[in-house]
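The structure under discussion appears below in the form of structure tokens.
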Amino acid sequence: MQMQLQNNHNVLIHLDGVEKNFGAVRALARVSLAVPAGVCLGLVGHNGAGKSTLMNILAGTLSASAGRILVSGDDVSERYGVAAANRLGIRCVFQELSLCPNLSVAENARIMHPPLKGIGWRRRAATLIGGMLDSIFPGHDIDPSQLVGDLSIARRQMVEIARAFSATDTQVRLVILDEPTSSLDGVLAGQLLAFVRNFVTGGGAVILISHLLNEILTTAGRIVVMRDGGVVADRVARDFTRVTLVESMGSVAQEQAPREQRSATAAVELKVSAAPAVQGDATTLVANRGEVIGLAGLGGHGQTEMLVRIFHGQRKAQAGVTVSGSTAMVAGDRQADGLFPLWSICGNATISSLTRLTKGWLIDPRAEARMGEEWKQKIGIRTPDMANPILSLSGGNQQKVLFARALGSDADIILMDDPMRGVDIGTKQEVYGMLRQEAAAGRTFLWYTTEMDELKHCDRVYVFRNGRIVDELSGDSIIEERVLHSSFEAAA
Ligand SMILES: Nc1ncnc2c1ncn2[C@@H]1O[C@H](COP(=O)(O)OP(=O)(O)OP(=O)(O)O)[C@@H](O)[C@H]1O
């Protein structure tokens, strides 16, 4: 099989028996992978399975501890790195976005394209990136002269993707997309996946990493499944169903039952009442004790601002916002708003519970470690030691820590800003169960999600458009068509 792959001219690059260790952690154990041209290769696996590590080796940003890298049958392991990958036309869109926030969109494009120099380079860089944004995301509203730091996380992700596909002197042959749609709403994700299908039809190669299995099943021609640092399946996509894919990842496919209706006789206790700053009519978002309230609509239409308004409303009076109880927030942009990058995993998980963990004037380190350990087990944080740095965790495991921080706190109201970004399917199912239990015990959740499937866990859903609430759905009316209809119709 391996010989076959090496001799196959269609194979762009071949990793053979690649290993990677981070201290005592074996991230990759003898992984072999052939990347063919003209194919979208789907790469799936649980959080911490080794997907990003493998892609970093392919992109040249990490070197393997052992194993070989073959290009057109030649062993290039000794001289492989970022420069070699660039020469080969291999690009990577990393999970943690890598744009410089203090530079404009065009200037960020220039960093990847040294040929854009001399008089007028800024204009040419703007034309290059603007053109690629138009091709991938028709109708986008990103101006190449905008500062990246001023863009929402979704727009940053779009720029990063467009930059990876744009070419000057080297033809783009392989683009690695590590959870590219994690911050995009359904419409933008659809545009990207359509572009990917076109790109591979034209002979390019894409490796698509995603925890959204529908994306993988509808876009990939071949699917590779990783588990615990190894490849456990590598087959044509049509050989998989959603159920067999989940099973090969080591999880059990559970049909998501819709949330049970709350009893009509349950006592109603208002926890949050809030109107968007630009609402302009009497519509108000209302959340009662024990309710799970969804915030939906196209990305960037005021949902995050609403959550932030409620979060601040608990601390400082704000017009149109009433909050009865304490709040905790699970941030959507974990890099910018969520994590303390220099702290340990345990420190990050327990920071919102310090009052409970303090003895006298000091934090009790044993109580803190106990709480960290408890959440490690409860939510499955994959690490040998909770005292390790937070950045030693895979992206999805970092996100689990943010959940642990909020759910482990005493807050009555949990605000969640698209909180399942990068979380694997097995963990998601456990978290949904936890949310139901916590809601039944009296906690209130306000949950902005870009995943339609998650709305069925909500009691009521508010659809946002242009910063305003344009629809309120409950029970059987929480269906995708209705959400999409409201998201678009209201614009007319
Ligand atoms: N810099 C690092 N230091 C220590 N351990 C690391 C480092 N980077 C990754 N690891 C470990 O390597 C393993 C694989 O991580 P990797 O990021 O490749 O997983 P992944 O499959 O991409 O997960 P996710 O779906 O959460 O993104 C994990 O156990 C992770 O904790």
Side-chain angles (χ1 to χ4, degrees), residues 15 18-31 33 41-67 92-98 157 176-183 207-213 215-216 223-234 245-246 248-251 334-335 338-339 341-346 348-349 372 376 379-404 419-431 451:
L15 301 178
V18 166
E19 297 187 13
K20 181 71 188 174
N21 304 317
F22 294 103
V25 175
R26 167 162 283 204
L28 296 175
R30 297 193 58 73
V31 172
L33 182 78
L41 192 75
L43 183 57
V44 299
H46 61 73
N47 292 135
K51 305 176 297 293
S52 301
T53 305
L54 191 64
M55 291 308 105
N56 273 293
I57 289 174
L58 206 45
T61 42
L62 276 179
S63 53
S65 309
C92 190
V93 174
F94 296 100
Q95 214 178 89
E96 305 304 346
L97 304 180
S98 65
Q157 197 158 29
I176 301 164
L177 298 171
D178 196 349
E179 293 178 38
T181 62
S182 60
S183 301
I207 298 182
L208 175 65
I209 303 180
S210 179
H211 291 292
L212 303 177
L213 301 185
E215 289 185 356
I216 295 286
I223 299 179
V224 173
V225 183
M226 289 188 73
R227 200 197 297 178
D228 298 329
V231 169
V232 291
D234 181 352
L245 200 50
V246 173
S248 56
M249 288 164 64
S251 298
R334 62 174 171 263
Q335 255 183 320
L339 296 173
L342 301 180
W343 291 16
S344 69
I345 304 166
C346 189
N348 267 282
K376 176 183 167 182
I379 207 163
I381 299 168
R382 282 180 183 249
T383 179
D385 192 342
M386 289 291 280
N388 282 346
I390 186 76
L391 296 185
S392 71
L393 290 182
S394 74
N397 279 293
Q398 292 176 15
Q399 196 65 31
K400 291 185 203 175
V401 173
L402 296 188
F403 258 114
M420 301 288 184
R421 289 185 55 218
V423 173
D424 67 38
I425 188 152
T427 309
K428 271 184 194 169
Q429 286 167 347
E430 280 164 30
V431 174
E451 286 183 45

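Position 1 is the first residue of the sequence, and the numbers go up from there. Each ligand, and each atom within it, is numbered from 1 in the order the structure gives. Remember, it's a predicted structure, so these values are computed and weren't measured experimentally.
Shown are Val232, Val44, Val31; of these, the side-chain contact (heavy atoms from CB on, under 4.5 Å) with Met226 is made only by Val31.
Each of the atoms 17 (O), 18 (O), 20 (P), 22 (O), 27 (O) of ligand 1 lies under 4.0 Å from some heavy atom of Ser52. Less than 4.0 angstrom separates some heavy atom of His46 from each of these atoms of ligand 1: 21 (O). Every atom of ligand 1 with a heavy atom of Thr53 under 4.0 Å away is listed here by number and element: 14 (C), 15 (O), 16 (P), 18 (O).
With rounding to the nearest 0.5 angstrom, the CG atom of Leu33 is 6.5 Å from the CG atom of Asp234. Between the OG1 atom in Thr427 and the CD1 atom in Ile379 there is a gap of 7.5 Å [rounded to 0.5 Å]. Atom CE of residue Met249 and atom CG of residue Asp424 lie 5.5 Å apart, to the nearest 0.5 angstrom. Put simply, CD1 on Ile345 and CD on Gln398 are 9.0 Å apart, with the number rounded to the nearest 0.5 Å.
Residue Gly396 has at least one N or O atom closer than 3.5 Å to an N or O atom of ligand 1.
Atom 9 (C) of ligand 1 has Phe22 CE1, 3.5 Å as its closest protein atom, hydrogens excluded (heavy atom only). The nearest protein atom to atom 12 (O) of ligand 1, hydrogens excluded, is given as Ala27 CB, 3.3 Å; this is a heavy-atom distance. Looking at atom 29 (O) of ligand 1, its nearest protein heavy atom turns out to be Val25 CG1, 3.9 Å. In this structure, atom 27 (O) of ligand 1 lies nearest to the protein heavy atom Gln95 NE2, 2.9 Å. Counting only heavy atoms of the protein, atom 17 (O) of ligand 1 lies nearest to Ser394 CB, 3.3 Å. In this structure, atom 25 (O) of ligand 1 lies nearest to the protein heavy atom Lys51 NZ, 2.8 Å.
Residue contact check for ligand 1: Gln399 places no non-hydrogen atom closer than 4.0 Å to it. The shortest separation from a heavy atom of Gly50 to ligand 1 is under 4.0 Å, placing the residue in contact. In this structure, His211 has a heavy atom closer than 4.0 Å to ligand 1.
When the heavy-atom distances from atom 31 (O) of ligand 1 to Gly395, Gly48, Ser392 are ranked, the shortest goes to Ser392.
Side-chain contact check for Val25 versus Asn388: every heavy-atom pair is 4.5 Å or farther apart. Contact annotation: the side chain of Asp178 never approaches that of Cys92 to less than 4.5 Å [non-hydrogen atoms, C-beta and beyond].
Judged by distance alone, the side chains of Asn56 and Thr61 do bring a donor and an acceptor atom under 3.5 Å apart.
A salt bridge links Lys428 to Glu451: one of the charged nitrogens lies within less than 4.0 Å of a carboxylate oxygen.
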